[in-house]
Amino acid sequence: MVDFPNSFPFRHLLGIEQLSQQDIALILDQAKTFEDVCENPEKKTIPALQKKIVVNLFFENSTRTRNSFEIAEKRLSANVINFDASSSSLSKGETLVDTATNLEAMRPDIIVMRHGATGAHSLMARHVTAKIINAGDGSHEHPTQALLDAYTIKEKFGKLDGLQVAIVGDIRNSRVVRSNLWLLTKMGAKVTLVGPPTLLPIEMKETWPDVTLSNDFDEIISKMDVIMMLRCQFERGTGNYIPSQSEYTRHYQLNSKRLQNAKKEVAVLHPGPLNRGVEITSEVADGHNSLILQQVTNGVPVRMAVLYLLALSNDDVGSCKTL
Ligand code: CP
């Protein structure tokens, strides 16, 4: 008999900002219980979402997040619908709210959504009764990425509290960094943001006063337990903020030479997709310090945990708290 938590206090996962330390720990602990299930050759192994319809609504491209959610949903026996934005009526000018209310008319239980606009998920949550999971909104949040990053770090070090974590690169455009800042600071890690001044907004200190900002990767690298490299988001205009790609790589690329100055057991993370040869070299991305593929593996039990906890939460809690 599965012990269903009936007082889980969340309705949506819109971001990490709203979560407490206990909420984060609960999700990570729940994910741990799904690790073995993910290795099971029998695919639909847990009946928790057997009667639920989950819609994956991706308005932006994705490889890792979309497939990882779909595997997680199928592992939990959900009925999965994949919405293809490129072949939908959005291309005929339908608004997001009209799309939402029309989807709602088909009574899905959970909507997993990625959208290019910050706040699109909050808008969606106001117009549908389905539970919403944010799979990335603009440069705002990517909560399940931060949760799987935390899970991966904890798996290696057994803790998050007190660890020195550098997040390096295109801080300005990254939703991954914002979700990680909320999560890591709530869990007691010491975060240093590293990048050229143009990609490292000083205002971030207003929201996260305990975070250190640095323009000198070589100066901080030896103190770090974890180095999380970020993708240069050229499609969002990163090229306009750097003098040249070669100048950027000279100062901020994680390569073997630079890694020699790091701790021997430093963990190297990257949310993907990689710009090999730009922010990280292949030698490092595929090297023995890299946990990049482990992050992808861990995405499945972490997303299973989020789906499971939200699916079993009471419907009436959402009016007062959004996860
Ligand atoms: N990390 C991440 O969000 O990757 P995708 O864009 O492939 O989903």
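Every number for a ligand or one of its atoms is a count from 1 in the order of the listing. All values derive from a computational prediction rather than experimental measurement. Side chains included, hydrogens not; waters and symmetry mates left out as well; all remaining heavy atoms used.
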Looking at residues at least two apart in the chain, or sitting in another chain, which of them share a side chain to side chain contact (heavy atoms under 4.5 Å, CB included) with Ser122?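 For Ser122, the residues satisfying side chain to side chain contact (heavy atoms under 4.5 Å, CB included) (neighbours in sequence not counted) are Leu14, Arg126.
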Between Arg114 and Phe58, is NZ or CZ placed under 6.0 angstrom from the six-membered ring centre and within 45° of the ring axis?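 So Arg114 doesn't make the cation-pi contact.
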Looking at Arg258 and Gln253, would you say the former's side chain and the latter's main chain have a donor-acceptor pair under 3.5 Å?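 Present.
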Do Asn261 and Ser222 meet the criterion of a side-chain donor-acceptor pair at a distance under 3.5 Å?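 The answer is no; no qualifying pair exists.
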Side-chain donor-acceptor pair present, Asn56, Glu73, cut-off under 3.5 Å: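 There is such a pair between these side chains.
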How many angstroms lie between atom CG of Asp216 and atom OG1 of Thr192, to the nearest 0.5 angstrom?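 Answer for the CG-OG1 pair, Asp216 versus Thr192, is 12.0 Å.
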What residues sit with at least one heavy atom under 4.0 Å from ligand 1?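 Its neighbours under 4.0 Å (heavy atoms only) are Ser62, Thr63, Arg64, Thr65, Arg114, His142, Gln145, Pro271, Gly272, given by chain and number.
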